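Reviewing the structure listed below.
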Amino acid sequence: MSNLPKPALECRDVTVKFGDVTALSDVAVSFVPGQIHAVVGQNGAGKTTFARVAAGLVQPTAGAVDVMGQEIRTGQVSQSRAAGVELVHQSFALPPSFTVAETMEFGATGKGGIYSRKGLAEKWRTHLAGLDVHVDLNRRIRDLPIETQQGIEIARALVMDARVLILDEPTAVLSPSGIDMLFARVRRLKERGVTVILILHKIREVLGIADTVTVLRGGRKVEGPLPIAEVSAERLANLIVGDAIAKTLDRHERDALVGSKSPAGEGAGHPENARGPSVLSMKAVSTRPDSEGIALDGIDLDIRPGEIVGIAGVEGNGQKTLVRAISALADLAGGSIVLAGRDVTGKPLAARRAIGLRIIPFERNVEGLSLTSSLWQNWSARELLQGSLLKVIRPSAVRETCDRSLREWSVHYHNSAQKAGSLSGGNAQKVILAREVDRDARLIIAAQPTRGLDIGATAFVWQALRQARDRGAAILLISSDLDELFDISDRVVVMLSGRVNGEFRAPFDIASVGAAMTDAAARVSA
Amino acid sequence: SGGLVALVHTQAAGDNGPVDQMIAKLKQLSEEKGFEYRAVYAQDPATYETIYRTLGDAGAAIIISTFNEVAEPFKALAPSYPGTKWIQLFADPFEPAIPNVVTVSYDYYLGCYLSGVFAAKMTTTGKTGFIGGVSIPPLNADFNAFKAGVHSIKPDASVIAAFAGSFQDPAKGQEIATQMYNDGIDYIQTDAAATDGGIIAAANEKEGRMVSCLAPGQYALGPKSLISIVGLDFGVSLYNEATKAVGPEWKGGTHEHTGLGTGVIDFIPSPVFAEQGPAELNARAKEALVEVEKARAGILDGSIKVPFNTTL
Amino acid sequence: MKDSFITVARSLIFVAFALILCSLVFQFAGYNAGAMLWAVVDGAFLRSGAIEQSLRWALPLFVTAVGVGISFRAGFFNIGAQGQFYVGAICAAFAAEAFKGGPAFLVIPALIIAGMLGGALWALWPGLLRLRSGTDEVITTLMGNFMAGLLLVYVTSGPLKDPSGSGQQASSRPLDAAYRISDSLGLSPTIIAIAAAVGILMWLLVNRTAFGVLASLAGRNGTMVEWQGARLWKLGLSSFIISGALAGLAGTIEFMGPNGRIASGFLPAHGFTAILIALVANLSVVGTAAAAVFFGGLASAALYLPIMAGLPAAAIDIINAAIALFITARSKFVDKVLRLGGRPS
Amino acid sequence: MNEIIIAILRSGTPLIYVTLAGVIAQRAGVWNLGLEGLMIIGACATIVGIILTNSILAAMLIAILICVLASVLLWFVIDRLKANPIIAGLGLTGLGVGGTALAVQSIFGSQASVTAPFGIPKLGPTFGAYGVLSIAVAAMPFVVFGMWVLLRRTRFGLRLAACGEHPFAARSVGANPSRMRLVALAIGGALCAIGGAELAAGSLQFFAQGMTAGRGFMAFAAVIFGASHPVGATFAALFFAVVGALGIRAQLMFGDKIPHDLLQALPYLATVFGVWLSGKLRGGAKAASSFAELRDQ
Ligand SMILES: Nc1ncnc2c1ncn2[C@@H]1O[C@H](COP(=O)(O)OP(=O)(O)OP(=O)(O)O)[C@@H](O)[C@H]1O
Ligand SMILES: Nc1ncnc2c1ncn2[C@@H]1O[C@H](COP(=O)(O)OP(=O)(O)OP(=O)(O)O)[C@@H](O)[C@H]1O
Ligand SMILES: [Mg+2]
Ligand SMILES: [Mg+2]
């Protein structure tokens, strides 16, 4: 007993209640030092709550937390940090107006004093470089790409001598190459003796990086930490969703989710589905440069009904501008956009939506939902905008329709007056689907539709998109997850520096798609 | 005798001038005659009627109020409360008269005319100024009279007006006065209640700056700069009117015109300045006062007509 | 239902707390606190005619506050109600000069429209600046208040000045009796009808139209509504205009009703009280009505206090301020007590 | 030239102190509309303090103490009782304006304004024309610099800003947003006290009811105009002082041709223009978003 190393982090019967909700109940788990531990579970399983308890952000209702064998006072960030526990948040907790150097400094402890801008940059440059984060230290967080933000968040967590680093869904926001970089970084930390706890959704990733895995479901620990060698992907999937639900997934979905087959996506593409004239036809579309991203440069793109076209590319190569151009939210410098046979160049978004354009936007919580508004208001926005602003509505009737629709999309919620912000990520995404994927949809833009969703919810979204396609809608899928793209796209277009840099049909060859993307990466960094 | 006597003042107290004088006199009177008194600040014209009505309902024996803006509410309410005696200070005569209302008017602008005469004699730069609280008609009339007074002596002297935008902003008063003095203006007539405090402070900053204010209470604030006042002893006036009203032979429905020479309005040199002010200025003031005397006599005998002009 | 009961009860408890605090202070300063508290209640609600007096203040406040609520809902901190109120009254007064002698059934609506247009105009330019150039509306509307106040001084001692007597009144000519919508008591069927119409229409607009829902969404997250294809400037500008028009309408009510003229510097704190009311009511139209009656009662009591309790003007300001300080407070303890009390056992 | 600078420093300094109070509160995430009330409390307490203690130092310490206490009250109501900060701030302003009037009345037995025998010491003749300025004016640039250092060049400042911008981020590095707001408001209270003291006892020695005359609200506007940056807001406040002085100049120059009331509106018009221009240059600051967040507190 005594010659076993003390656990790096140990939770003893931790229970957390938020009012009537029990987020964690009697969770007892201990993590061996110097390893990479994965924690998995569905949306709402309690992963974030667990991480926050360890970091001192949430005061558990009952239970104790030990770090390196020492009990710490719970609910005190300073205590947890002093003991060496650091947390990288799911949606990063970085003040957007801060510069990189300021972000590092504000989280630091110890001697402070007065700094100069230059001194501050000096002070943190080596720290960041040591962690392979290369960035101008005077740039503001809000101007940085998401990968860099994450790198900074990790670096911020490591400003002190962290012994336990918890990362909450770090891969959700990353592109495949970003994930590789992250994992390399995590392995280096492990070599330095840091115990890393990764909260993950993708089984493939768990198997790829972790030494052990722990599964939470409904606030309870189901299993773990299990040595990774002892679990198969199949078993892990069943543990996560529970046997009952596991049975309902079809083979195709299960395979894709579990990631147990090669991600070449053979059999995924059905070019023969596409029929009839193009729903979207972009000819030589260029946009004016603006602050929100790289400009488009002569994009030609056609999508036909019944077709899912995937857009691949390293994040920040014009994907967002493409969506904004189709949505009339970016100024065109040239070219034309035809939607369902009608030239909509210069027409406002309302007119395009009237023709059948639907958008599942990149940022669920900013562009997709008003978190402090009720569910029914969020849900009804699209329909309300179709008529006159003074059109009389009956909220009770709207709410009824909304309830019906949300139930149809199996959203878990209390009542439609509850704020959108109180839903979990998966459910929030379903509300957006319920709003955007209707019978009249002709072109659905789905931008990162499964980001941060658990495997059940991801399967659900894919299902929904496929069904819409089968009804004859055209779908433009933007994702940084190549496996996702390969699995459900009929065609994949690679974007680079605001241009189309190649088009691929199933079966997709990951090497050539990757080449088209890295080509882009090379050019971007050049 | 008992009963409630109410003063409804439409300018804030704390001006070291008319309002404070009135309140002090009312207090004194209430101690002398043994009635209950209330001093109610009615800042907002929209509330005048309600306040008078509440006072009437409360059975006030006498309601005293100030300035022309209260005329309409007086006309509307006085007939409904015949048992209450209403006194409006600074008023035009009512036509037709109302039997339980006494109105009192003051030719304050005549005092400003005299100040203008004095200013013209005192200024060495030929530049004079006037600072008011807010550019409302009675103040405009005061300025016009002041200007007429200056020009009656020195037709080419300049007379500049400015307004602070508030009767309670001494800092702004100081700022305006400082700019005026820096421009070479050496004599300022004030008409701005508590804002005056700042104007006097500006005058105090340099020897030779002269300021003329409106109440004896201000003498001490500028022993070496506050050279004179255009006095309007509202307090005395209130005391007189209220004393009459509590007496048996009060006669309503009348108008009292208060001009120069009644002891209520006058141009008065500061005795404090006479003692402590620069000798050179005091010497010149002696001569200037002769001219003021002449003008006063002229007004009283009708040989000088000062126009009453309420627009700038 | 129960939640709104708790909200109201909570507010009242904190109002009572504020009043008790004030009376302690006044007791210290040498006044009779008991008499003061009694005078507040008596003045606001009990003495004869108190309800009418409270409503006289409550109705214009309600009309203004509903408008304030509309722009706040849409996410604009338009604190310019005071200026819009003035400009509305000024425009109505100019219209009254222009239409002098016309038949009342035409002139009265014309004046009301003029007033609303005036108020809308004074909200339009900050709205345009905000929506076209992103100019912060907090500053522009605050400046608009100062400017409108000066404009009021100018017109009442210049172009609209009442020339009667020696011409010293800083106020406009009295409005012909035929065009008045109330006597000086300020409560008439017409005014009640206008307020009711505003209340109903605005309630419908907020709760029963697409505009209401979308403006509220836009106010909370403009980006999201933009991605839905809404034109934000249209929603935003309409909110500015509606809120300005309502403030202007309130100014017109004061002009054509109780005041019968406009005077330099009248109702200097009307706009701020309206903001207070809108926020206390959490921007709901029905809540605004309730809060307006409460603050109308306070306004009425404030005129009564110096007379009955002999309190100086400052004391009334203190009472109002203490109430403002505490009225939106919440405390877990108080809530717990309320919940226990409200639970049928 | 000297005279113009003196005039601007004089009218600008009280505003700048109060603006800095607004800046630190805003950075900590509090829209402080109680500035006007705190400023007048500072003005009143200083003058009354001078009369009662016969010492400027004691008077200013009293003023600072009272303003800090009043700020703590505001913090308690906003932070502990979760009151709406805008309403509570306006309430504090009302308490300040009314309370000072009542205090003067109950201490001196009349509503009269109060004159103090002396004020804040002046720089004196060694400074030539600038000798008429009070030491609070001379201290102002140092205070601005100090605030800039504190807010923009120390970890405390970063944490304070984080508390306002992203309280969760602040919490997750171990800062306590509630305590930070308390500190910010308390510092702001002290600054308001100095601003009020300079207004009443800097070049005047005089307290009149309501003598702040909306300067607290102008300070608040300066905070927003200056994008809550200590130096930016200071320049915004100076800008207000300059346009105020120009407004007076306009009255003196054109008063006989253009109505005075309209000329008095010029500073406000200039402010609108300035804010519009700076918005254009900055690319449109968004105040509404922060307001929407406030609503849901
Ligand atoms: N602050 C809170 N107040 C109320 N309930 C909460 C709070 N935080 C979490 N919960 C609830 O606790 C449960 C667990 O949430 P938690 O965030 O830990 O889940 P998770 O496993 O991180 O989910 P996800 O995969 O979506 O990130 C959920 O049911 C959630 O609704
Ligand atoms: N203030 C709150 N009140 C109630 N529930 C909350 C609150 N804050 C968070 N939650 C719950 O906590 C859970 C986790 O919150 P979190 O912000 O981590 O979102 P999420 O579900 O992980 O979504 P995503 O992965 O897209 O960020 C959510 O399910 C949400 O219901
Ligand atoms: Mg989570
Ligand atoms: Mg999640």
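In what follows, chains carry the letters A, B, and so on, assigned in the order in which the sequence lines appear, proteins first and then strands, with residues in each chain numbered from 1. Values reported hereafter were calculated over all heavy atoms of this structure, with side chains retained and with hydrogens, waters and symmetry mates removed. Keep in mind that this is a model prediction, so the values were computed, not measured.
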Requested in this report: Considering only heavy atoms, give the residues of residues 243-263 of chain D separated from chain B by less than 4.5 Å, sorted numerically, with 'none' for an empty result.
Outcome: G244(D), A245(D), I248(D), R249(D), Q251(D), L252(D), H260(D), D261(D)
Query raised in the report: If you count heavy-atom pairs under 4.5 Å between each of V134(B), I160(B), N204(B), D169(B) and chain D, which one has the most?
Result: D169(B)
Query raised in the report: Is there side-chain contact between S152(B) and Y113(B), with heavy atoms separated by less than 4.5 Å?
Result: yes
Query raised in the report: Between E275(B) and P271(B), is there a donor-acceptor pair closer than 3.5 Å when you use the side chain of the first and the backbone of the second?
Result: no
Report task. Specify whether F90(B) and F234(B) have parallel, tilted or perpendicular ring planes, treating 30° as the upper limit for parallel and 60° as the lower limit for perpendicular. Result -> tilted
Query raised in the report: If you tally heavy-atom pairs under 4.5 Å against chain D, which of E175(B), K172(B), Q179(B) wins?
Result: Q179(B)
Query raised in the report: Does F235(D) CZ have over 12 foreign heavy atoms under 6.0 Å away?
Result: no
Report task. Sort D183(B) into side chain, backbone, both or neither according to what part of it lies under 4.5 angstrom from a heavy atom of chain D. Result -> side chain
Requested in this report: Please state whether the side chain, the backbone, both or neither of L221(B) comes within less than 4.5 Å of a heavy atom of chain D.
Outcome: side chain
Requested in this report: Select, from G165(B), P170(B), A164(B), the one with the greatest count of heavy-atom pairs under 4.5 Å involving chain D.
Outcome: P170(B)
Query - Neighbourhood of chain B inside residues 130-139 of chain D, taking heavy atoms under 4.5 Å as contact - result: none
Query raised in the report: Would you find more than 12 non-hydrogen atoms of other residues, nucleotides or ligands less than 6.0 Å from F118(D) atom CZ?
Result: yes
Requested in this report: Counting only heavy atoms closer than 4.5 Å, note whether T178(B) contacts chain D via side chain, backbone, both or neither.
Outcome: side chain
Query raised in the report: Would you find more than 12 non-hydrogen atoms of other residues, nucleotides or ligands less than 6.0 Å from K154(B) atom NZ?
Result: yes
Query raised in the report: Where on T115(D) is there a heavy atom nearer than 4.5 Å to chain B: the side chain, the backbone, both, or neither?
Result: side chain
Report summary line: Applying a strict 4.5 Å limit to non-hydrogen atoms, the region of Q174(B) in contact with chain D is side chain
Requested in this report: Could you tell me whether a side-chain N or O of K27(B) sits under 3.5 Å from a main-chain N or O of M22(B), the two making a donor and an acceptor?
Outcome: no
Requested in this report: For the residue pair F308(B) and Y109(B), categorise the inter-ring angle as parallel (less than 30°), tilted (30 to 60°) or perpendicular (more than 60°).
Outcome: perpendicular
Requested in this report: Please determine, among G197(B), A201(B), A220(B), the option with the most heavy-atom pairs under 4.5 Å with chain D.
Outcome: G197(B)
Query raised in the report: Does the side chain of Q218(B) come within less than 4.5 Å of I200(B)'s, by heavy atoms?
Result: yes
Query raised in the report: Is a side-chain donor or acceptor of T46(D) paired with a backbone partner of M60(D) at a separation under 3.5 angstrom?
Result: no
Query raised in the report: If you take all heavy atoms of N140(B) and F163(B), which pair is closest and at what distance?
Result: OD1-CZ, 3.8 Å
Query raised in the report: chain D: which of S166(B), A162(B), A194(B) shares the most heavy-atom pairs with it under 4.5 Å?
Result: A162(B)
Query raised in the report: Which pair of heavy atoms, one from A42(B) and one from Y48(B), lies closest together, and at what distance?
Result: O-CE2, 3.5 Å
**Report entry** Heavy-atom donor-acceptor pair, R38(B) side chain to L7(B) backbone, under 3.5 Å
**Finding:** no
Query raised in the report: Non-hydrogen atoms of chain D under 4.5 Å away: do they reach the side chain of E205(B), the backbone, both or neither?
Result: side chain
Query raised in the report: So, S237(B) side chain and D233(B) main chain: donor-acceptor pair closer than 3.5 Å or not?
Result: no
Query raised in the report: Cut-off 3.5 Å, side chains only: do E32(B) and Y239(B) have a donor facing an acceptor?
Result: yes
Report task. Keeping the roles fixed (side chain from T212(D), backbone from R215(D)), state whether a donor-acceptor pair exists under 3.5 Å. Result -> no
Query raised in the report: Hey, which residues of residues 6-17 of chain D are touching chain B, say heavy atoms under 4.5 Å apart?
Result: R10(D), S11(D)
Report task. Go through the structure and list residues passing side chain to side chain contact (heavy atoms under 4.5 Å, CB included) with A193(B), not counting sequence neighbours. Result -> Q11(B), D15(B), F167(B)
Report task. Please flag which part of L312(B) lies under 4.5 Å from any non-hydrogen atom of chain D: side chain, backbone, both or neither. Result -> side chain
Report task. Keeping the roles fixed (side chain from Y108(B), backbone from V230(B)), state whether a donor-acceptor pair exists under 3.5 Å. Result -> yes
Query - Donor-acceptor pair, side chain of D186(B) and main chain of T123(B), under 3.5 angstrom - result: no
